[in-house]
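Single-structure report; data block below.
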Amino acid sequence: MTSADKEKNIDFIREIVERDIREGKHDGRVHTRFPPEPNGYLHIGHAKAICINFDIAEEYDGLYNLRFDDTNPVKEDVEYVESIMRDIRWLGFDWEDRLYYASDYFDRMYIYAEQLIDKGAAYVCDLSAEEVREHRGTLTEPGRNSPWRNRSIEENLDLFRRMKAGEFPDGTRTLRAKIDMASPNMNMRDPAIYRILRKSHHRTGDRWCIYPMYDYAHCLEDSIEGITHSCCSIEFEDHRPLYDWFLDRLDIFHPQQIEFARLNLTYTVMSKRKLAMLVENDLVSGWDDPRMPTLSGLRRRGYTPEAIRDFIGRIGIAKRDSIVDMALLEYCIRDDLNRRAPRLMAVLDPLKVIIKNYPSDKSEELEFINNPEDSSAGSRMVQFSRELYIERNDFQEEPHRKFKRLSPGREVRLRYAYLVTCVDSVKDENGNVTELICTYDPETRGGNTPDGRKVKGTLHWVSAVHSKPAEVRLYDRLFTLENPLESDDFIDTINDESLMVINRCRIEPSAADLAIGEPVQFERQGYFCKDPDSTEGKLVFNRTISLRDTWKRILKNQK
RNA sequence: UGGGGCGUCGUCAAAUGGUUAAGACGCAGGGUUUUGGUCCCUGUAUUGGGGGUUCGAAUCCUCCCGCCCCAGCCA
């Protein structure tokens with residue numbers, strides 16, 4: 001692609017970045033960061049933030065940092081820092097040696113806080129949390145100044161040092177920025193910048209008993225790292241004046257905070273709290289349940305990083321609230337997997353087929369194409385024999401008008417094998433078909449017709465003796481509502497059929513050799529991958545996504 | 001009812017006063033096909049509402065309406 005062909009439409013953030021480069025701001029340097037708090041697992045909403053920050057840095061020859069924003073030891077844990085790093089690497093990003101922790105800067109932040117006090121821009125406040133709230137005012141009424149607001153610099157310095165030294169109990173004092181208790185922006189009403197908190201930190205242990213607050217810490221972290229563009233989600237928009245205030249007061253390197261809308265997806269929820277609720281109430285099997293929008297869940301489900309990044313690229317970046325259609329994500333994973341997933345035959349709901357005129361002591365190898373979309377994927381040999389399984393719903397005793405598959409007297413193709421005709425069926429006492437009797441045409445080996453005759457249907461199949469049993473887990477959307485939050489209680493809208501386990505599946509033997517998570521297409525059905533629950537003797541597959549199903553649509557449109 | 005932000009196809013989302021208002025997904029129809037898959041083709045909006053400025057407005061002004069965020073010693 002030449003530069004003239006390049007897509008001209010860029011998002012507003014890239015526009016800002018390009019303008020800054022053009023104008024030589026920060027010497028044309030671009031440096032971004034992704035700053036998760038290590039207090040939970042990453043979801044696809046985080047993937048958007050990661051891609052925005054990291055892709056932009058890459059596109060403009062810049063750098064990106066991974067930084068853990070670990071300023072609140074109450075909620076944080078190393079377990080999360082590990083899972084976060086694993087997920088980001090899985091997405092395909094490499095922060096090289098630029099891994100940072102807010103806690104690495106605690107000393108510098110403390111020094112900056114003393115500077116703020118020195119400048120008369122911060123004070124130690126003895127109000128309780130409750131009293132602070134009372135003084136803050138409301139959305140429509142201004143707040144009142146703290147009685148401690150006009151302490152001398154010396155007293156503030158002394159008190160702040162003693163806070164650090166551990167002389168005061170938790171919660172008894174805070175360091176506050178001295179801004180404006182009447183500001184229409186609540187964030188500017190003398191926000192707390194340090195609190196006393198005796199809680200062991202996962203990295204600094206018990207070295208500190210005071211911890212900086214987000215608004216104070218975050219701009220400093222960005223500044224210290226020389227971040228040029230600090231892209232965050234939109235709820236921080238009215239924190240930006242505070243972000244700027246600290247940096248201006250301290251007169252240090254000043255990054256630009258830019259806000260964008262968070263990602264929402266239909267038929268799921270994205271808040272950490274709500275996802276946690278699903279886990280805690282055993283509504284899902286864990287954070288990596290394949291129905292979860294977490295990166296670990298999507299990974300286990302069989303989503304690829306390429307599909308997720310493609311998706312993020314397609315949804316664009318803007319500031320308005322939106323709910324992206326899950327169908328777009330599904331399109332992206334199908335599109336990716338169609339190109340790369342090798343094909344396999346698997347029968348989910350087996351119906352026995354006897355090929356009457358095929359010798360019972362015979363079997364033969366037939367050549368199957370591994371991926372029609374990728375000739376380099378080659379072919380494989382698959383065993384054919386007298387007794388086979390086909391999909392139960394590929395047979396209709398009294399076929400629907402548009403049904404193209406097997407029915408009494410009709411000839412269809414068994415993919416890559418032979419044309420067969422159904423001549424009889426065996427039923428149980430309830431009248432259910434338990435077995436089909438067919439004949440095959442030996443002239444049609446490979447599924448070709450030397451006489452040029454056409455058949456409408458082509459079915460997948462497995463050989464009864466050669467195939468292996470498997471458990472298959474079919475997933476559907478976790479919620480029945482496009483927007484579960486429109487319900488009084490989103491839990492009520494959980495889809496009872498979001499997980500369907502089927503146990504008597506039969507699968508082509510080579511499936512046993514697949515690695516955990518390796519994507520495959522079960523022909524005519526969908527994309528699947530082996531679940532970590534698989535053992536030596538038991539194959540377990542997750543359905544990542546079904547193939548598009550126009551047959552289902554034909555039936556639906558008829559109703 | 002204070003402040004901040006946002007309203008363009010069913011869903012995302014371009015358009016930066018002059019285009020028939022991009023594109024993608026979805027949906028509908030058709031073609032190809034040894035996967036009812038893939039692929040290909042066709043169709044699918046006058047921009048929240050009213051006034052105004054202008055030769056010309058989704059873009060500018062104005063009034064209204066609607067949605068989101070903010071009253072943690074969370075991030």
Side-chain angles (χ1 to χ4, degrees), chain A residues 7-11 15 35-37 39 69-72 74-76 125 127-129 132-133 136-143 170-176 182-189 191-197 210-211 213-215 217-218 232 234-241 259 261 266 272 311 314-332 334-335 338-339 343 345 369 372-373 402-405 413-417 419 446-449 454-460 482 521-526 546-554 557:
Chain A
E7 192 54 65
K8 177 73 189 71
N9 297 326
I10 58 172
D11 57 79
E15 246 167 46
E37 182 186 21
N39 69 345
D69 205 357
D70 53 353
T71 57
N72 182 7
V74 174
K75 302 161 74 177
E76 296 153 8
C125 178
L127 258 26
S128 69
V132 167
R133 192 178 331 124
R136 186 153 28 229
T138 67
L139 293 179
T140 51
E141 299 160 323
D170 285 9
T172 53
R173 282 175 229 258
T174 53
L175 183 68
R176 293 226 257 163
S183 172
N185 182 344
M186 301 297 284
N187 297 118
M188 302 298 272
R189 319 245 263 224
I193 63 186
Y194 269 94
R195 75 279 218 180
I196 304 173
L197 185 61
I210 58 171
Y211 291 95
M213 302 289 292
Y214 167 86
D215 284 307
H218 203 87
C232 63
I234 204 149
E235 68 272 23
F236 292 105
E237 202 154 25
D238 43 43
H239 291 241
R240 186 171 6 115
E259 311 84 9
T266 56
K272 214 176 269 180
F311 170 73
R314 285 167 182 272
I315 59 176
I317 307 171
K319 299 188 75 159
R320 66 181 84 110
D321 278 351
S322 63
I323 306 182
V324 177
D325 195 336
M326 180 69 90
L328 180 60
L329 215 211
E330 295 175 344
Y331 167 83
C332 292
R334 285 192 184 108
D335 189 48
N338 175 51
R339 272 177 273 130
R343 273 57 170 170
M345 297 293 167
I369 291 166
E373 301 294 316
K402 293 189 171 172
F403 190 70
K404 303 202 291 201
R405 289 110 87 164
R413 172 165 35 236
L414 294 180
R415 181 150 228 230
Y416 300 131
L419 268 57
N448 306 301
T449 52
K454 303 266 192 242
V455 288
K456 283 195 286 186
T458 298
L459 312 186
H460 62 278
E482 276 202 5
Q521 183 193 101
F522 291 174
E523 288 217 28
R524 300 210 303 134
Q525 306 197 97
S546 67
L547 256 29
R548 284 181 83 226
D549 191 348
T550 46
W551 172 238
K552 200 159 84 187
R553 208 171 309 143
I554 288 168
N557 289 349

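So you know, we letter chains A, B, ... as the sequences are listed, proteins then strands, and number each from 1.
- As judged by a 4.0 angstrom heavy-atom cut-off over every strand, A:P372 is placed among the base-contacting residues.
- A donor-acceptor contact shorter than 3.5 Å links the side chain of A:T138 to the backbone of A:T140.
- Residue A:I317 is in sugar-phosphate contact alone, with no base atom involved, counting any heavy-atom pair closer than 4.0 Å across all strands shown.
- Distance from the side chain of A:K319 is smallest to B:rG5 among B:rA22, B:rG5, B:rU35.
- Distance from the side chain of A:T140 is smallest to B:rU1 among B:rU35, B:rG36, B:rU1.
- The side chain of A:R343 lies closest to B:rG37, out of B:rG37, B:rG3, B:rG36.
- Spacing of P atoms, B:rC69 relative to B:rA28, comes out at 34 Å, to the nearest Å.
- Remark: A:R195 pairs with no residue by the side chain to side chain donor-acceptor pair (under 3.5 Å) rule, at least two apart or across chains.
- Atom CD1 in A:I369 sits about 14 Å away from atom C1' in B:rU38, given to the nearest Å.
- Taking only side-chain nitrogens and oxygens, A:R189 never comes nearer than 4.0 Å to OP1 or OP2 of B:rC70.
- Regarding the sugar-base torsion, B:rG72 falls in the syn class, its angle being within 90° of 0.
- Mapping A:E15 and A:A261 onto RNA chain B by nearest heavy atom places A:A261 closer to the 5' end of the strand.
- Counting any heavy atom pair closer than 4.0 Å across all strands shown, A:A192 reaches sugar-phosphate atoms only and no base atom.
- With both ends at atom C1', the span from B:rU38 to B:rU33 equals 9 Å, rounded to whole Å.
- When distances run from any side-chain atom of A:I315 to the nucleotides B:rC6, B:rC74, B:rC12, the shortest one goes to B:rC12.
- Taking the P atom of each, B:rA15 and B:rC60 are spaced 13 Å apart, rounded to whole Å.
- Residue A:H239 is classed as a base contact, given a heavy-atom separation below 4.0 Å to a base.
- As a whole-Å value, the separation of A:M188 CE from B:rG3 P is 16 Å.
- A:R173 meets the salt bridge (Lys or Arg N to Asp or Glu O under 4.0 Å) test with A:D126; sequence neighbours excluded.
- For the OP1/OP2 pair of B:rG37 and a distance below 4.0 Å, the side-chain nitrogens and oxygens of A:T550 include at least one atom meeting the criterion.
- The interatomic distance linking A:E237 (CD) with B:rG4 (P) rounds to 11 Å, in whole Å.
- Rounded to a whole angstrom, the distance from the P atom of B:rA75 to that of B:rA58 is 46 Å.
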Note to self: Could you write out RNA chain B as dot-bracket? Rules: Watson-Crick or G-U wobble, both distances under 3.5 Å, brackets [ ] for crossings, | for pairs with another strand, dot for unpaired.
What the structure shows: .((((((..(((.....[....)))((((((.......))))))...(((((..]....))))))))))).....
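- For A:R339, the salt bridge (Lys or Arg N to Asp or Glu O under 4.0 Å) partners are A:D335, not counting sequence neighbours.
- Side chain A:E373 to base B:rG37: a donor-acceptor pair is found below 3.5 Å.
- For A:R405, the salt bridge (Lys or Arg N to Asp or Glu O under 4.0 Å) criterion is met by A:D394, not counting sequence neighbours.
- Residue A:R415 places no side-chain N or O under 4.0 Å from the OP1 or OP2 atom of B:rG37.
- Regarding A:N338, its CG atom lies at a distance of 11 Å from the P atom of B:rG37, rounded to whole Å.
- The base of B:rU11 is not paired with the side chain of A:E482 by any donor and acceptor separated by under 3.5 Å.
- When atom types are taken as modelled, the side chain of A:S183 and the backbone of A:N185 share a donor-acceptor pair closer than 3.5 angstrom.
- The side chain of A:P184 lies closest to B:rG2, out of B:rG2, B:rC69, B:rG72.
- Distance CD1/A:I315 to CG/A:D325: 12.0 Å, rounded to 0.5 Å.
- Comparing B:rA22 with B:rC61, their C1' atoms are spaced 28 Å from each other, to the whole Å.
- Residue-level contact check: A:S183 touches neither bases nor backbone, having no heavy atom under 4.0 Å from any strand.
- The residue A:L139 sits close to a base: some heavy atom pair falls under 4.0 Å.
- B:rA21 and B:rU47 have their C1' atoms separated by 8 Å, given to the nearest Å.
- Nearest-nucleotide positions on RNA chain B for A:G316 and A:E523 put A:G316 closer to the 5' end.
- When distances run from any side-chain atom of A:R195 to the nucleotides B:rC39, B:rG7, B:rA75, the shortest one goes to B:rA75.
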Note to self: Generate the contact string for nucleotides 23-33 of chain B. Rules: B means base contact, S means sugar-phosphate contact only, - means no protein heavy atom under 4.0 Å.
What the structure shows: -SSSSS-----
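- The shortest heavy-atom contact between A:D69 and A:H218 is OD2-ND1, 3.0 Å.
- Here A:R133 lies in heavy-atom contact (under 4.0 Å) with sugar-phosphate atoms only.
- The shortest distance between the side-chain N/O atoms of A:R240 and the OP1/OP2 oxygens of B:rG5 is not below 4.0 Å.
- Of all heavy-atom pairs between A:A261 and A:R320, the closest is CB-O, 3.3 Å.
- A donor and an acceptor atom never sit less than 3.5 Å apart when one is taken from the side chain of A:D549 and the other from the base of B:rG36.
- When all heavy atoms of A:Y211 and A:T71 are compared, the closest pair comes out as CB-O, 3.5 Å.
- B:rU20 and B:rG36: their C1' atoms are spaced 37 Å apart (whole Å).
- Annotation: B:rU11 and B:rC27 have their C1' atoms spaced 11 Å apart (nearest Å).
- Remark: ring of A:W551 overlaps the six-membered base ring of B:rG36 in a stacked fashion, centroids less than 5.5 Å apart, planes less than 30° apart.
- Summarising the geometry, the separation between CG on A:L414 and P on B:rU35 is reported as 14 Å, rounded to the nearest angstrom.
- Among the protein residues, A:E259 comes within range of no part of the nucleic acid, since none of its heavy atoms lies under 4.0 Å from any strand.
- Among the heavy atoms of the strands lying under 4.0 Å from A:L127 is at least one base atom, whether or not backbone atoms are also near.
- The nearest pair of heavy atoms linking A:P372 to A:R343 is CD-NE, 3.7 Å.
- Here A:R136 lies in heavy-atom contact (under 4.0 Å) with sugar-phosphate atoms only.
- Among the heavy atoms of the strands, none lies under 4.0 Å from A:I196.
- Looking only at distances, no side-chain donor or acceptor of A:D215 sits under 3.5 Å from a matching main-chain atom of A:H239.
- Among the heavy atoms of the strands lying under 4.0 Å from A:T138 is at least one base atom, whether or not backbone atoms are also near.
- If you check every strand for non-hydrogen atoms under 4.0 Å, A:Y416 touches a base.
- Using a 4.0 Å heavy-atom cutoff across all strands shown, A:K75 reaches at least one base atom of the nucleic acid.
- Panel note: side chain A:R334, backbone A:G526; no donor-acceptor pair is recorded below 3.5 Å.
- When the nucleotides B:rC74, B:rC70, B:rG36 are ranked by their closest atom to the side chain of A:I554, B:rG36 comes out on top.
- A:G447 and A:R413 get closest at one heavy-atom pair: O-NH1, 2.8 Å.
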